[in-house]
2 protein chains.
Amino acid sequence: MKRQTRQRQAIRDVIRAVDRPLAPQEVLAEAGRHVRGLGIATVYRTINALVEEGEVTRVEIPGQPTRYEKAGLDHHHHFCCDGCGKVYELDGCALRSTVPTPEGFTVARHEITLYGQCLQCRSA
Amino acid sequence: MKRQTRQRQAIRDVIRAVDRPLAPQEVLAEAGRHVRGLGIATVYRTINALVEEGEVTRVEIPGQPTRYEKAGLDHHHHFCCDGCGKVYELDGCALRSTVPTPEGFTVARHEITLYGQCLQCRSA
DNA sequence: ATAGGTGCAAACAGTTTGCATGTAT
DNA sequence: ATACATGCAAACTGTTTGCACCTAT
């Protein structure tokens, strides 16, 4: 990641601008509107570089393609709508302080994903 | 799932016998020792059928192939070792009763995955 | 006998990689 | 000028599917 290019600008900007985690395809669709002929490989390469640099974080939703969001947000988790598949940010962390783990296991991090119906899908 | 076959027996048995969620490849490896020439497609088809029937549940670990375990276990979650990649069962649920979700969202279920080092990997 | 299951290979989606071309520096 | 980035296509993994053959019922 030593050079500044139009494609990297665009990809960075898209992730910075949106307030929900995006899948690579979504990034391609959006950034591709600013850079003609943008390739999916470049999106992956750039996203991975941004993750390395700590500017972007990976959001893994079980059973879904990996998504990415800007780093530095407060610790939080995600809500995945069973209806439309959209992933929303949730504020805070609902994990109890006491987490029962087997003897001698070390917990480094955790993921919590809630599933259900978002407002729109619920009304529909 | 109307017929009883050797391959289905074997696949079912493997999942019933093991006390951790297995990836399809692991099921193939194990069940394949009892049924010569067992194919991965059959494993997938059978597993999916068992999930339909409610005899097996899907365990989705972010960033890992889907795993499967016997259904009917008490509500619990999983621990994924960053070292060896093994997935362990955790007893109980460390989610707080109060889970903050956006207005009007309905939560149907949740997944919690802890990551870290298991005992062996920690000592190594 | 025959509906249903199996194995194989092809097809797919998501992701990574090799390579020739293009470009920021 | 040149090292680094891009785009394309090929390769790879996990999963599904089409189809001819096989088998539990």
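Chain A is the first sequence line, chain B the second, and so forth, proteins listed ahead of strands; every chain is numbered from 1. What's counted below: heavy atoms across the whole structure, side chains too, no hydrogens, waters or symmetry copies.
A salt bridge links Arg12(B) with Glu55(B): the closest approach of a Lys/Arg side-chain nitrogen to an acidic carboxylate oxygen falls below 4.0 angstrom. A salt bridge does not link Glu69(A) with Arg58(A): every distance from a Lys NZ or Arg NE/NH1/NH2 to an Asp or Glu carboxylate oxygen is 4.0 Å or more.
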Atom pairs under 3.5 Å, N or O on each side, protein against nucleotides 9-14 of chain D: can you list them with distances?
none

So which protein nitrogen or oxygen atoms get under 3.5 Å of nucleotides 22-25 of chain C's nitrogens or oxygens?
from, atom 1, to, atom 2, distance (Å)
dT23(C), O2, Arg3(A), NH1, 3.2
dA24(C), O3', Gln4(A), O, 3.3
dA24(C), N3, Arg3(A), NH1, 3.2
dT25(C), OP1, Gln4(A), N, 3.4

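Here Arg45(A) lies in heavy-atom contact (under 4.0 Å) with a base.
The 12-atom threshold is not exceeded at CG of Asp91(B), counting heavy atoms of other residues, nucleotides or ligands nearer than 6.0 Å. Shown here is Glu52(A), whose CD atom has no more than 12 heavy atoms of other residues, nucleotides or ligands within 6.0 Å.
Remark: C1' of dG14(C) and CD of Gln64(B) are 16 Å apart, rounded to the nearest angstrom. Taking atom CE of Met1(B) as the reference point, atom C1' of dT25(D) lies 16 Å away to the nearest angstrom. One interatomic measurement links the two molecules: CD of Glu26(A) to P of dA13(C), which rounds to 17 Å at whole-angstrom precision. Remark: P of dA5(D) and CG of Leu38(A) are 15 Å apart, rounded to the nearest angstrom. Remark: P of dT15(C) and CG of Asn48(A) are 9 Å apart, rounded to the nearest angstrom. One atom, CD of Glu52(B), and another, C1' of dG4(C), lie 17 Å apart when rounded to the nearest Å.
Take the nearest nucleotide of DNA chain D for Val35(A) and for Tyr68(B): the residue whose nucleotide is more 5' is Val35(A).
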### Message
Before you tell me yes or no, could you show the steps for Glu26(A) and Lys86(A) under salt bridge (Lys or Arg N to Asp or Glu O under 4.0 Å), namely the whole-Å CA-CA distance, both residues' side-chain angles and the distance that decides it to 0.1 Å?
### Response
CA-CA 12 Å; Glu26(A) 299 179 285; Lys86(A) 258 192 208 146; over 6 Å; no
#### Entry: Chi angles and distances behind the side-chain contact (heavy atoms from CB on, under 4.5 Å) call for Ile61(A), Tyr115(A)
CA-CA 10 Å; Ile61(A) 305 294; Tyr115(A) 296 83; 4.1 Å; yes
#### Entry: Criterion side-chain contact (heavy atoms from CB on, under 4.5 Å) on Arg67(B) and His78(B), from CA distance to verdict
CA-CA 11 Å; Arg67(B) 292 165 189 260; His78(B) 300 91; over 6 Å; no
Please tabulate, for the side chains in residues 103-110 of chain B, all donor-acceptor contacts under 3.5 angstrom to protein atoms that are two or more places apart in sequence or on a different chain.
from, atom 1, to, atom 2, distance (Å)
Thr106(B), OG1, Arg122(A), NE, 3.1
Arg109(B), NH2, Asp82(A), OD1, 2.7
Arg109(B), NH2, Asp82(A), OD2, 3.3
His110(B), NE2, His75(B), NE2, 3.2
His110(B), NE2, His77(B), NE2, 3.1

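Nearest heavy atom pair, residue Arg8(B) against residue Lys2(B), reads NH1-N, 4.0 Å.
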